[in-house]
Q: 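Sharing a structure with you now.
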Amino acid sequence: MAGSFAATLDARMRGAALGVNDYFTLAGRALRFVGSRPFYWRDVLLQMDRIGVGSIPIVTLTGTFTGMVLALQSSVELQQYGANGFLGALVGESMVRELAPVLAGLGVAGRSGSAIAAELGTMRVSEQIDALQTFGTDPIRKLVTPRLIATVLMMPVVTIILDFVSILGGMLIALGAGVSADQYFRGMWQMFAMNGQILGVFPKDFVYGILKPLAFGAIIALTAAYYGLNTKGGSESVGTATTRAVVTSSVLIFAVDFFLTQLLLVMMGV
Amino acid sequence: MSPEQQQQLHGVREELKRDEAEAVAEAEATTGPVAVAPALCIELEHVSLAFDHPILVDLDMAVATGETLLVLGESGMGKSTILKLILRLLLPDEGVVRIFGEEINHLSFAEVLEVRRRIGMVFQNSALFDSMTVYDNVAYPLRENTEMDEAEVERIVREKLEFVDLEPDQVIDQLPSELSGGMRKRVGVARAIATSPEIVLYDEPTAGLDPMTVETITDLIKKLQRELGVTSILVTHDLRAGFKVATRVNLLQAGRVGFSGTPEDVVASTDPYIRAFINAS
């Protein structure tokens, strides 16, 4: 019994270690193809449209409601201390620095990460990837690198859109709570200015908010591609791969967010 | 494979080599030195491969230029695996795979591409790229592997679609999902022969098709043999279709070739396993 448990544990640990190795091998190969020919730039543009433009509706809705609920909850508390004037600073700081990158990451992982895993998984089980190889195409170069580039490039854009709509959503609630738009935005800019700038120009909060999505984009594309390309069996396994891709990406986004925040705090200060 | 069958295979190889040498000598006597393609264009020697369990065990198989070999066997016997080994989509655990006389196990990625360019593959479910139109599917190998301009690509795409009896103007803008099973299969064949390969591999080309469409696909394979002279390996469970096109049959048993002969030899065989296999099919 104990022997069987140990053997199972050993097999699982070995499987996990091999999986991590395969994941980083995939990442290394996908990155290596970024600057080399043949480069499938049409696929990059197509994926930028699908991943970036396609994610706008979901991030717009998510961002608007998150900004509104953040302002609503905060206004109740701040009102008790007569500090509603800080509403803009609180919403802006929270969204730009932390919530927008994570929410954009989760939104894109749910929408585009699942689509990438399902598409590559279907291509794997229907032998389309084998067909690509028979025509001399490296599937990682053709399928993974364009999706990686597109996701990494579009994540900051999606995050900025989410920043924008969430701040506007928060403003709607602030107006209802008796805070003028001028007061709301002035408080926000004062907070950004107080937190300092990088190179004397770029507000630190914005730099924080743009660097994180770059990392999240890479996580989403690589995790989805990893599960998609490793799909085995039939249509049921495509569903399993898709679920695993979204769950793993989401967990990795939270975990990497923590470590990245630590790193950025050490490198750039508060 | 039994010792007699191994001997038989060895005999075939030797005979082909002798014929080739004689043909070269004869041609050189009249026209001077000539280059001759190797008579055996596909060879698998002592190939073993296992996944969770052994699939191929010390398998020997050889295909002569211009031949159409039908590979039969129960499901999971490794028939499709053989095709993937030939394309080097898989590597054997042991043994050697030679294509056009060249050992492909240790070739670099670029060298493997050169070999793959001379081989066309028709996949079980066509494996057409879902997101591309019929035109882009057939044009794909040409765009990937040649420096042709788009006008030349279009000319070849139309020519290949006509070869498989499809009306180019009616299908080029359609997506694979808009085609019937038989049409998808024919587009798959057109794509496989787009670069005019010397070898065409078929993995269950008639699976899931109605009898009329099976007939059409079978005729198409014969047309490829007749008009293009390609060397083919056909993996199928459809004996009727397979026997119509095959010049030789290999039956896999326990990971190796258990029987090798003409379709007539298979039909005439009194071996209990072969009889049972034919009757079950």
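Treat the numbers as computed from the prediction; the structure is a model and nothing was measured. Every chain is numbered from 1, with letters handed out A, B, ... down the list of sequences.
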Q: Considering only heavy atoms, which portion of Asp203(B) lies under 4.5 Å from any heavy atom of chain A: side chain, backbone, both, or neither?
A: side chain
Q: When heavy-atom pairs shorter than 4.5 Å are enumerated against chain A, which of Thr195(B), Ile119(B), Asn125(B), Leu128(B) gives the highest number?
A: Leu128(B)
Q: Report, in residue-number order, which members of residues 66-93 of chain B are under 4.5 Å from chain A by heavy-atom distance.
A: Lys84(B), Leu87(B), Leu89(B)
Q: Would the number of heavy atoms belonging to other residues, nucleotides or ligands and lying under 6.0 Å from CZ of Arg244(A) be above 12?
A: no
Q: Could you give the distance from CD (Glu119(A)) to CG (Asp130(B)), rounded to the nearest 0.5 Å?
A: 8.0 Å
Q: Does CD belonging to Glu147(B) count more than 12 external heavy atoms closer than 6.0 Å?
A: no
Q: Can you tell me if Glu94(B) has over 12 outside heavy atoms packed within less than 6.0 Å of its CD?
A: no
Q: Among residues 125-147 of chain A, which ones touch chain B with a heavy-atom distance under 4.5 Å?
A: Ser126(A), Glu127(A), Gln128(A), Asp130(A), Ala131(A), Leu132(A), Gln133(A), Thr134(A), Phe135(A), Gly136(A), Thr137(A), Asp138(A), Lys142(A)
Q: Can you tell me if Phe206(A) has over 12 outside heavy atoms packed within less than 6.0 Å of its CZ?
A: yes
Q: Does atom CD of Glu227(B) have more than 12 heavy-atom neighbours from other groups under 6.0 Å away?
A: yes
Q: Measure Gln124(B) against the heavy atoms of chain A and call it side chain, backbone, both or neither at under 4.5 Å.
A: both
Q: Within the supplied structure, the quantity of interest is the number of heavy atoms (other residues, nucleotides, ligands) at a distance under 6.0 Å from Phe109(B) CZ; does it exceed 12?
A: yes
